[in-house]
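Working notes, beginning with the structure itself.
Predicted model, so just to flag it, every value in this text is computed and none were measured.
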Amino acid sequence: MLDLKRLKKDSKALANNLKKRGFSLDLQEWDKLESKRKSLQSDTENMQADLNQISKEIGISKKEGTDSSKLEKKASEITSKIKSQSKILSSILLDIDTFALSIPNLIDDDVPEGKDESDNIELRNSGKVRKFDFTPKDHLELGSNLSGIDMESGVKITGSRFAVFKSDLARLQRSLINFMIDIHVQEHSYTEVYVPFIVNEESLLGTGQLPKFEEDLFKIEGKENFYLTSTAEVPVTNLFRNEVIDSKELPKKYVCHTPCFRSEAGSYGLDTKGIMRLHQFEKVELVQATESKDSDNALEELTGHAEEILKRLELPYRVVSLCSGDIGFSAAKTYDLEVWIPSQEKYREISSCSNFRDFQARRMKARWKNPSSNKTEILNTLNGSGLALSRTVLALMENFQEKDGSISIPDSLRTYFGSSKITL
RNA sequence: GGAGAGAUGGCAGAGUGGUCGAAUGCGCACGCUUGGAAAGCGUGUAAGGUGUUAAAGCCUUCGAGGGUUCGAAUCCCUCUCUCUCCGCCA
């Protein structure tokens, strides 16, 4: 959520910033709501102050044993006025809340301007794209030859976009989880957490998936409004919700492995083959909370942590800065890591690292105590995949395939995986 | 699932209808003290809104929502969560 104070003072500047991502802020609507609120609120607060004063006088009068019936009559009149007035006020406050919750985050100045994906800017790349002396197969063909990826069973058990991993490929994914978490814990000093995969509405409001993007989520039928997590970002970032963190503990760095469930509404034609885009996939997620002055550096650091995994796995990748039109609702700035996919001869997203600044933290009242001012301030939050696992499996299969359909395992992973090759 | 207890500030913990936004302790900040530290002493220390150059002031908030009352942390109702005992279970 944006700072409502800034919206009150500086709405035009905010509107200009939001325009860059193609969001038009309805300034007329805002002015209308805000001026209504202002007059109603100050009216009711004045009445409330009167009532408090009179109530106090009644209290004193009762103690002294003098007659207070006139005061009580007056008070009772004010009370009923307040009741009707505050009903209107609370409905306007609700409107303002709804309005504010559906405004996306402001975009950092150094985010490239653009309309869509095609305007994203490549910042750097790493690793050599392999030249094959045979025609490389795609991961699905490799996987079914190895009896390691079974899409049919996924469909049978659940439906489309669900997959079954078997044998060495199931083990490959499992070894990658440990590989990634160990590096982040031991070398990048993250704290490992295990969290619920089912989350409530408040958590999703906090990170910004709700109220606008409910159609991307799997909702659980029942008395309570529960959802399956679409990313570990939701449960992990919400660890900070309604907390005041001691400055000595900052930055807070968490790493977490979870499954992710996405309905993928609106992506019917995309990546229909194989495990590129599934309703359920695994991810190792990095989450940080920092003071506001530190989040720029933290984004670079966190992105580097995710890149380190790709480097150790010897996967060719590039880093892309998302343009203003492609950046997500809650993010102020995002770097995507894209890994080379030989069968598509394209780089594809395998990690997305974002700085949300105070946008999520304000929604979830995640704060820290600034010892220099002795005030509580809103935290900055960041996250990034480190990495998405099914796409890592996919990338390893395709990039490390041999002519005979076997797959070699990069050196750094061998102790985790237990052998150097997956063979037919 | 059955029975009972509870939810108060960063934390712990008083407070059962009226100057209670809330005693006290811890923590934290500042000062005194010290060669320096610890201890000790003193002062300060909730959040949000409104307002202001800044402040003062005013409003709201004691798990959430509703109700009673001139007035609610305190009484009533509903819900959520936590703890203890019993049952069940991985």
Side-chain angles (χ1 to χ4, degrees), chain A residues 1-11 30-31 33-101 194-206 220 222-227 235 238-250 252 289 291 358-359 361-379:
Chain A
M1 195 160 67
L2 299 185
D3 185 356
L4 289 184
K5 272 187 195 157
R6 282 187 69 188
L7 195 55
K8 284 164 194 170
K9 279 189 190 146
D10 210 10
S11 58
W30 166 251
D31 288 342
L33 285 170
E34 174 56 13
S35 66
K36 262 196 208 166
R37 180 205 61 87
K38 211 169 181 175
S39 65
L40 261 171
Q41 186 167 326
S42 70
D43 273 9
T44 38
E45 283 186 2
N46 286 337
M47 285 196 283
Q48 190 61 249
D50 285 350
L51 180 65
N52 289 346
Q53 183 58 39
I54 293 173
S55 293
K56 233 175 229 178
E57 284 168 22
I58 293 171
I60 293 165
S61 160
K62 293 235 161 160
K63 233 178 217 169
E64 290 170 350
T66 55
D67 178 41
S68 61
S69 55
K70 268 190 189 164
L71 286 172
E72 283 180 40
K73 201 183 160 201
K74 199 171 162 195
S76 145
E77 279 165 22
I78 298 176
T79 306
S80 65
K81 263 194 216 162
I82 290 175
K83 267 187 187 156
S84 63
Q85 185 108 315
S86 58
K87 251 182 211 164
I88 308 172
L89 178 62
S90 61
S91 90
I92 284 175
L93 289 176
L94 196 72
D95 289 347
I96 287 181
D97 213 37
T98 310
F99 184 86
L101 282 175
Y194 169 83
V195 295
F197 306 151
I198 294 175
V199 295
N200 59 28
E201 275 184 307
E202 290 81 65
S203 294
L204 289 160
L205 273 170
I220 297 171
K223 217 173 82 181
E224 314 236 26
N225 286 328
F226 286 152
Y227 297 81
N238 273 280
L239 286 170
F240 304 119
R241 175 148 55 91
N242 293 329
E243 299 288 331
V244 179
I245 311 275
D246 194 296
S247 66
K248 285 179 210 133
E249 291 181 42
L250 295 175
K252 280 271 192 186
E291 304 179 17
D358 58 7
F359 186 83
R362 182 173 293 108
R363 286 171 165 240
M364 62 175 83
K365 295 196 179 68
R367 295 159 298 170
W368 64 287
K369 191 90 164 181
N370 186 340
S372 61
S373 64
N374 212 21
K375 291 255 174 197
T376 50
E377 293 179 22
I378 298 179
L379 283 165

- Testing A/Glu377, A/Lys375, A/Glu291 for side-chain hydrogen bond (donor to acceptor under 3.5 Å, both in side chains) with A/Asn370, which one passes? A/Glu377
- Query: When you measure from the side chain of A/Leu51, which nucleotide among B/rC59, B/rC70, B/rA47 comes out closest?
  - Reply: B/rC70
- Task: Side chain of A/Lys8 only, please: which of B/rG49, B/rU60, B/rG18 is the nearest?
- Result: B/rG49
Please determine if a side-chain N or O atom of [X] lies less than 4.0 Å away from the OP1 or OP2 oxygen of [N].
| X | N | answer |
| --- | --- | --- |
| A/Lys38 | B/rG51 | yes |
| A/Ser76 | B/rC70 | no |
| A/Lys83 | B/rU68 | yes |
| A/Thr79 | B/rG71 | yes |
| A/Arg367 | B/rG10 | no |
| A/Gln48 | B/rU60 | yes |

- Task: Would you mind classifying the nucleic acid contact of A/Asn52 as base, sugar-phosphate or nothing, using non-hydrogen atoms under 4.0 angstrom?
- Result: sugar-phosphate
- Message: By the 4.0 Å heavy-atom rule, please label A/Gln41 as base, sugar-phosphate, or nothing.
- Response: sugar-phosphate
Nucleotide paired to [N] in any strand shown, Watson-Crick or G-U, under 3.5 Å:
| N | answer |
| --- | --- |
| B/rA72 | none |
| B/rA38 | none |
| B/rU53 | none |
| B/rC81 | B/rG6 |
| B/rG87 | none |

- Message: Any salt bridge linking A/Lys74 with A/Glu77? Criterion: basic side-chain nitrogen under 4.0 Å from a carboxylate oxygen.
- Response: no
- Query: Is the count of non-hydrogen atoms from other residues, nucleotides or ligands lying under 6.0 Å from A/Lys8 atom NZ greater than 12?
  - Reply: yes
